[in-house]
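These notes concern the structure reproduced below.
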Amino acid sequence: MTHRQQVLILYLANSALDSRVVSWARYDGTGQHEHLPGDSAEPPYASGLAALRDGWRLLQMSQLNPPAPGGEFTVSYQRYEFLFEKWAPVPDGDPAPATGRG
Amino acid sequence: MQNTPELLSTREVAQFAARGFLRFDGLVGAEQNERFLHEFAAGLAGPKPAGTPLGECYAPGSSIARLLALPRVQGALHSLLGPGPIFDHHFFHVLDGRPSRPQALHQDSTIDTRTAFDVQLFYYPQEVTQDMGGTRFVPGSHLRLVNEASIARYQNVLGQQHLVCPAGTVLLFHHGLWHGGGHNRSGKRRVLFKLRVQPSVPQHRHWDTSDLGPATLDPQPIFVPGVWDENDVQSILCSSEPWYEDDTKRLEYINRIQLWRYLLGDARADAHYWSTRVENEPRRAGG
């Protein structure tokens, strides 16, 4: 059976994997679900740890780097990004190629 | 017709500094909304060049000139920008109701390191229902230094708002506020008029400052359990958003205080001591 990658990106409240989710994004390589900007008001998991317990594999987490000199108070991108994946079966062969952006 | 501008209060300006937007539901009357839509359908005059004084951009009596002359609109723009604002551009965002994808989250223009700020006016001449794809925006995102669509990966942010509003609603955004067009599934056309305006003078104390005083400006006891007045200006400036990281929210307060200092024209102003604390560098006498 063919498998495709599903990606989950969680942004957490601090560097701990069990801290609360503040932002999220999902991409589904199987083509079974389309996740769009602004499509949900509640996060899929309460924390990164809850995603692990549901079978998501952690691929990467943000490093803790000291602030750049002069930029100590700058606010910018969300700091605590955690990238997860699952491999999921594709029921009827290859998914249709995605169209459009995102 | 000469209208007396309705200036913003200190509390409203503090809310703008803290959250990056102000919202006025149903501000424009039904007749004026209809007239705007009629003029839009008939074809409005092309825009003036960027940099033109705003007061020279729209023919007297036109629906856009009438919008800008409304006491609340005139007063809010004056409060935030001061006299003599400059036209940047306007644009009509039209979602025709055919199947579409929502726009990814973005910050308009490009990296902008100013403390001075532009105001983006959003005017919705029609009622916007949930299925019409009202603007999605993230309160409190305006001071984050990012570059336009680089934030498209943030599909959903805790506390994001989808605009649902009565006809005639006006939003005022700080230029940095993260936003994106929604997903119009209604089959109805949705029209949004957006206008970006710049200041021509320092944006110091152009609002109704009659309520500014020691209670607003002086240091207060902090970290006192059970004491939190949501109407207090310093508390407004130090209120978090649900999506802020535990640590970064304190940096947000410091950045808001920087903006507040600019608005007050007072380099020592503070809120709940967040900036004064980290600026305290005692010097040795005679050293």
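Throughout, protein chains are lettered first and strands after them, A, B, ... in sequence-line order, and every chain is numbered starting at 1. No hydrogens, no waters, no symmetry mates; every other heavy atom, side chains included, goes into these values. Given the structure is predicted, the values throughout are model-derived calculations rather than measurements.
- From His89(B), atom NE2 reaches atom CD of Gln198(B) across 10.5 Å, with rounding to the nearest 0.5 Å.
- In this structure, the side chain of Gln160(B) engages the main chain of Ser40(A) through a donor-acceptor pair within 3.5 Å.
- In plain terms, the two heavy atoms of Trp24(A) and Ala41(A) that are nearest each other are CH2-O, 3.6 Å.
- Interface with chain A: from residues 120-128 of chain B, no residue qualifies, criterion being any non-hydrogen pair under 4.5 Å.
- Taking OG of Ser275(B) as the reference point, atom CG of Asp270(B) lies at 5.0 Å (rounded to 0.5 Å).
- Heavy-atom pairs under 4.5 Å with chain B were tallied for Ile9(A), Leu12(A), Asp39(A); the largest tally goes to Asp39(A).
- Contact of Arg153(B) with chain A is made through backbone and side chain together, with heavy-atom distances under 4.5 Å.
- Of all the listed residues (Ile151(B), Asn147(B), Val278(B), Val146(B)), the one sharing the greatest number of non-hydrogen pairs under 4.5 Å with chain A is Val146(B).
- More than 12 heavy atoms of other residues, nucleotides or ligands lie within 6.0 Å of CZ in Arg114(B), so this atom counts as buried by the packing criterion.
- The aromatic rings of Phe16(B) and Phe117(B) are tilted relative to each other, their planes meeting at an angle between 30° and 60°.
- Across every non-hydrogen atom of Val13(B) and Leu263(B), the tightest pair is CG1-CD1, 4.0 Å.
- Ring-plane geometry between Tyr154(B) and Tyr11(A) is classed as perpendicular, the angle between the planes exceeding 60 degrees on a 0 to 90 degree scale with a lower cut at 30.
- Of all residues in residues 239-257 of chain B, those placing a non-hydrogen atom less than 4.5 angstrom from a non-hydrogen atom of chain A are Pro242(B), Trp243(B), Tyr244(B), Glu245(B), Asp246(B), Asp247(B), Thr248(B), Leu251(B), Glu252(B), Ile254(B), Asn255(B).
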Pair His174(B)-Phe21(B), ring-ring contact (aromatic ring centres under 6.0 Å, His included): steps then yes or no: CA-CA 6 Å; His174(B) 181 287; Phe21(B) 73 99; over 10 Å; no

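- Between Arg205(B) and Asp266(B), the shortest heavy-atom contact is NH2-CB, 4.3 Å.
- Contacts with chain B were tallied for Ser23(A), Ser76(A), Ala25(A); Ser76(A) has the most, counting heavy-atom pairs under 4.5 Å.
- Side-chain contact check for His106(B) versus His179(B): some heavy-atom pair is nearer than 4.5 Å.
- Side-chain N or O atoms of Ser62(A) include one that pairs as donor or acceptor with a backbone N or O of Glu81(A) at under 3.5 Å.
- Interface remark: Glu72(A) contributes backbone atoms only to the contact with chain B (heavy atom separation under 4.5 Å).
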